[in-house]
Amino acid sequence: MIAKRYEKAELMEKQGINLYPNTFRKQIDIKEIKERYGELRNEELEKVEESFVVAGRIMAIRSFGKATFAHIQDQSGKIQIFLQQKELGNDKYNFLKKLDIGDIIGVKGRLFKTKTNELTLNVLDFELVTKSLRPLPEKFHGLKDVEARYRQRYVDLIVNPSTREIFRTRTKILKFIRKFLDERGFMEVETPMMQVIPGGATARPFETYHNALGMKLYLRIAPELYLKRLLVGGFEKVYEINRNFRNEGISTQHNPEFTMLEFYMAYADYNDLFKITEEMFSSLALEILGTQKIQYQGYEIDLTPPWNKLSFYESLEKIGGLSKKDYMDYTRAKQLVTQLGENVKHYETLGKVQTKLFDLLVEPKLIQPHFIYHYPTEVSPLSRRNEKDPTITDRFELFIAGREMANAFSELNDPRDQRKRFEEQIKEKAQGDEEAHFMDEDYIRALEYGMPPAAGEGIGIDRLVMLLTDSPSIREVILFPLLKPEK
RNA sequence: GGGUCGUUAACUCAGUCGGUAGAGUAUCGGCCUUUUAAGCCGAGAGUCGCAGGUUCGAAUCCUGCACGACCCA
């Protein structure tokens, strides 16, 4: 079939038709025509002297002997066009018959309404703008095959309006967040994606190699340590929205590269972040969906502030159904995790085991927004310790729909404590924990100059887009998700 | 890493008990000036994911592999 189209194209070319001219210029988006004239009656449309010049992809053709209806689609929408032999002349009308669904054409026409009251362009002239050599998927069912939709996102975008909508929404969300932070005096910055020491998160990094420098480099797992260096440098409110890379499994929640927002503000603590987070999410929902009660995969989730707050240990008791004896005793806690079907490695500390209990027993139940605060210090190597209890940190995570949506804390700015925390991580790494943090001497040096007290937060943008577009998989909200090669 | 399911025409899908590979859309030809999943008549289109095995005979049964989806870890 593709071969047939190639033959046809060659034939057309022999007849002197340019299949890929770059001379046609559209003058208006289809949506604008519809907005301006969609409500007018035929008699009113007849008075519109203007003709309209649009371009778009042919999505459907309904051809009669001497007249043809078709739909063309541009970035803004679809409109019906009507082509008549008596209007176009024999040659042009015969040329029309050579066009295929999928071809891009330019059209000049006047508006009218059909018997079924559809706004339609009566074509005065048209030309081929781009020849399509591959047939589009079926008009009624569209492209359903998930693998094909991800591999050939361009086709998915042509034929599935819901896919286009998701990515428009994604862009709106990013715009809104930038505006939200800019209005509050934050400055957007860019920090290294390629790092000599990958820091700022507990994760396995991708490794790469710089030939000229003869040096191993890592793709960043987080921008955190660089953003905090900027606080040392004197910028008091900074944020970055960009890609992180983690060399881990792929699932409906994880893509190896994903988009993260991190923002840091000096002279603030984690209490300030509860409020900002509530404000950001609830105003974002209002902007995007027009409501704070959103539908997600069959759940109604109410983002109206204030949200639930529970300390980490409280949540293990109240939601996880555990007692202090269960989670404060290493042997007992480890036994519970094993019973629930997950492994505990020999180097994993009590804090880590408690986190596993949380992941298994609490996280999936946090459908409505919940802030969980005061995480164990062992699993929070960059967070400031609580003033009253140094075994926990002034840190929270936000959970919605059973998923971690944000991670926030008062920042640890004592270089002496930070060095100790890194040293603990080094020990864990030596024992085989590939996710443990690296020592970063330059970061310590920066803290030694003095970082103002600060609070910082990371928000996973892909998961946020999933939430607001009711998408079940992260691959639905990433334009080109990572897949293995086809063959 | 483990389990379940899927892979048949460009697309959406049938394919019974192992016995000639099917439909709709799309494409090509014909008819048709108000259709909109247009309609009617006709035609072409396939490495049945790949590689083995069982069998007189495999899209179908068996084994392995690849890719994907979902669930578990």
Side-chain angles (χ1 to χ4, degrees), chain A residues 1-9 11-12 34 42 45 57-73 77-90 93-94 96-103 109 111-123 131-161 204 248-255 297 337-345 348 356-357 359-360 363-364 402 471-476 481-487:
Chain A
M1 190 140 158
I2 293 156
K4 261 188 189 169
R5 286 235 181 150
Y6 267 85
E7 277 172 37
K8 192 171 168 183
L11 209 74
M12 288 168 82
K34 287 186 148 178
N42 236 336
L45 286 173
R57 191 184 294 276
I58 301 174
M59 299 305 288
I61 300 175
R62 292 174 295 281
S63 172
F64 300 80
K66 290 169 181 138
T68 296
F69 286 96
H71 270 100
I72 61 170
Q73 170 176 290
K78 265 189 218 180
I79 194 166
Q80 179 166 261
I81 59 174
F82 183 53
L83 307 100
Q84 297 173 93
Q85 193 175 44
K86 70 170 188 204
E87 186 74 57
L88 294 165
N90 284 351
Y93 195 78
N94 287 335
L96 167 69
K97 289 180 185 166
K98 293 206 177 71
L99 297 183
D100 293 304
I101 291 175
D103 288 352
L111 290 170
F112 75 106
K113 279 201 168 165
T114 60
K115 280 181 184 169
T116 49
N117 209 34
E118 177 165 351
L119 188 69
T120 302
L121 271 177
N122 185 22
V123 176
K131 184 70 195 150
S132 168
L133 297 175
R134 277 179 188 268
L136 284 180
E138 200 216 12
K139 60 188 162 194
F140 189 57
H141 296 93
L143 185 65
K144 279 242 171 65
D145 185 271
V146 185
E147 190 176 346
R149 286 185 45 234
Y150 296 159
R151 285 194 197 282
Q152 301 185 65
R153 184 68 91 183
Y154 38 91
V155 180
D156 189 26
L157 287 166
I158 291 171
V159 300
N160 293 326
R204 281 185 69 180
E248 292 164 358
I250 294 178
S251 76
T252 50
Q253 314 294 317
H254 300 88
N255 196 61
Q297 302 295 298
V337 169
T338 314
Q339 274 172 19
L340 290 162
E342 198 168 346
N343 296 322
V344 175
K345 305 239 171 66
E348 291 182 318
K356 287 195 173 183
L357 284 172
D359 290 348
L360 290 163
E363 180 171 340
S471 298
S473 163
I474 195 168
R475 293 176 158 201
E476 293 295 331
L482 186 71
L483 298 178
K484 286 196 192 180
E486 283 172 74
K487 263 171 203 172

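Here is how names work: the chains are called A, B, and so on, in the same order as the sequence lines, proteins then strands, and each is numbered from 1.
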Out of [options], whichever nucleotide has its closest atom nearest the side chain of [X]:
{"X": "A/Lys115", "options": "B/U34, B/U35, B/C67", "answer": "B/U34"}
{"X": "A/Arg62", "options": "B/A26, B/U12, B/U35", "answer": "B/U35"}
{"X": "A/Asp100", "options": "B/U33, B/C28, B/U35", "answer": "B/C28"}
{"X": "A/Pro135", "options": "B/C13, B/C32, B/A26", "answer": "B/A26"}
{"X": "A/Glu138", "options": "B/C32, B/C28, B/C11", "answer": "B/C11"}
{"X": "A/Arg151", "options": "B/U35, B/C28, B/G68", "answer": "B/G68"}
{"X": "A/Lys4", "options": "B/U34, B/G44, B/C13", "answer": "B/G44"}

Donor-acceptor pair present, A/Gln80 side chain and B/U35 base, under 3.5 Å
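Side chain to base: pair present.
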
Taking [X] for its side chain and [Y] for its backbone only, find out whether a donor-acceptor pair lies under 3.5 Å.
{"X": "A/Arg5", "Y": "A/Ser132", "result": "yes"}
{"X": "A/Asp100", "Y": "A/Gly102", "result": "no"}
{"X": "A/Glu87", "Y": "A/Asn122", "result": "no"}
{"X": "A/Ser251", "Y": "A/Gln253", "result": "yes"}

Please give, in whole Å, the distance from [N] [atom2] to [X] [atom1]?
{"X": "A/Lys8", "N": "B/A26", "atom1": "NZ", "atom2": "P", "answer": "13 Å"}
{"X": "A/Arg5", "N": "B/A10", "atom1": "CZ", "atom2": "C1'", "answer": "9 Å"}
{"X": "A/Asp145", "N": "B/U25", "atom1": "CG", "atom2": "C1'", "answer": "17 Å"}
{"X": "A/Leu99", "N": "B/A26", "atom1": "CG", "atom2": "C1'", "answer": "15 Å"}
{"X": "A/Asn94", "N": "B/C28", "atom1": "CG", "atom2": "P", "answer": "14 Å"}
{"X": "A/Ile158", "N": "B/A26", "atom1": "CD1", "atom2": "P", "answer": "17 Å"}
{"X": "A/Arg134", "N": "B/A26", "atom1": "CZ", "atom2": "C1'", "answer": "15 Å"}
{"X": "A/His141", "N": "B/A10", "atom1": "NE2", "atom2": "P", "answer": "18 Å"}

Now, which nucleotide makes the Watson-Crick or G-U wobble pair with [N], with each of the two distances under 3.5 Å?
{"N": "B/G19", "result": "B/C56"}
{"N": "B/G1", "result": "B/C72"}
{"N": "B/U7", "result": "B/A66"}
{"N": "B/A26", "result": "none"}
{"N": "B/C31", "result": "B/G39"}
{"N": "B/U47", "result": "none"}

Counting the atoms with a prime plus P, OP1 and OP2 as sugar-phosphate, which does A/Gly249 contact under 4.0 Å by heavy atoms, base, sugar-phosphate, or nothing?
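Nothing, no heavy atom under 4.0 Å.
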
NA contact type, A/Glu118, heavy-atom cut-off 4.0 Å: base, sugar-phosphate, or nothing?
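Since a base atom lies under 4.0 Å of A/Glu118, the category is base.
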
[atom1] spacing across the pair [N] / [M], given as an integer number of angstrom:
{"N": "B/G18", "M": "B/A58", "atom1": "C1'", "value": "6 Å"}
{"N": "B/U60", "M": "B/G24", "atom1": "P", "value": "25 Å"}
{"N": "B/G30", "M": "B/A69", "atom1": "C1'", "value": "44 Å"}
{"N": "B/C71", "M": "B/G29", "atom1": "P", "value": "47 Å"}
{"N": "B/U12", "M": "B/A26", "atom1": "P", "value": "15 Å"}
{"N": "B/G49", "M": "B/C67", "atom1": "C1'", "value": "8 Å"}
{"N": "B/U20", "M": "B/G57", "atom1": "P", "value": "15 Å"}
{"N": "B/A45", "M": "B/G6", "atom1": "C1'", "value": "25 Å"}

Has A/Lys484 got a side-chain N or O lying under 4.0 Å from the OP1 or OP2 atom of B/A66?
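False: A/Lys484 side-chain N/O out of range (4.0 Å or more) of B/A66 OP1/OP2.
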
Mind checking side-chain contact (heavy atoms from CB on, under 4.5 Å) for A/Lys98 and listing every partner two or more places apart, or none if nothing turns up?
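Partners of A/Lys98 under the side-chain contact (heavy atoms from CB on, under 4.5 Å) test: A/Met12, A/Gln15.
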
Is there aromatic stacking of A/Phe64 on B/C32 here, judged by a ring-centre distance under 5.5 Å and a plane angle under 30°?
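It does not: the two rings, one from A/Phe64 and one from B/C32, miss the stacking criterion.
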
Pairwise 5' ranking along RNA chain B for A/Gly65 and A/Lys97, keeping only the more 5' one
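Taking each residue's closest nucleotide, the earlier one in sequence belongs to A/Lys97.
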
Could you say whether A/Lys86 or A/Ala148 is positioned toward the 5' end of RNA chain B, judged by the nucleotide with the nearest heavy atom to each?
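Taking each residue's closest nucleotide, the earlier one in sequence belongs to A/Ala148.
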
So does A/Asp103 pair up with A/Arg57, basic N to acidic O under 4.0 Å?
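Not counted as a salt bridge, because no side-chain N and carboxylate O are separated by less than 4.0 Å.
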
So, are A/Lys356 and A/Asp359 salt-bridged, with charged N and O less than 4.0 Å apart?
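No, A/Lys356 and A/Asp359 are not salt-bridged.
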
What are the atom names and distances for every N/O pair under 3.5 Å that joins the protein to nucleotides 69-73 of chain B?
| residue | atom | partner | partner atom | Å |
| --- | --- | --- | --- | --- |
| B/A69 | OP1 | A/Arg475 | NH1 | 2.2 |
| B/A69 | OP2 | A/Arg475 | NH1 | 3.3 |
| B/A73 | O3' | A/Gly341 | O | 2.6 |

Evaluate the criterion side chain to side chain donor-acceptor pair (under 3.5 Å) for residue pair A/Gln80 and A/Arg62; output intermediate values, then yes/no.
CA-CA 10 Å; A/Gln80 179 166 261; A/Arg62 292 174 295 281; 2.8 Å; yes

What residues, two or more places apart in sequence or in another chain, satisfy ring pair (Phe, Tyr, Trp, His ring centres under 6.0 Å) together with A/Tyr150?
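By the ring pair (Phe, Tyr, Trp, His ring centres under 6.0 Å) rule, A/Tyr150 matches no residue at all.
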
Verdict with supporting geometry, A/Leu482 and A/Ile250, side chain to side chain contact (heavy atoms under 4.5 Å, CB included):
CA-CA 9 Å; A/Leu482 186 71; A/Ile250 294 178; 4.2 Å; yes

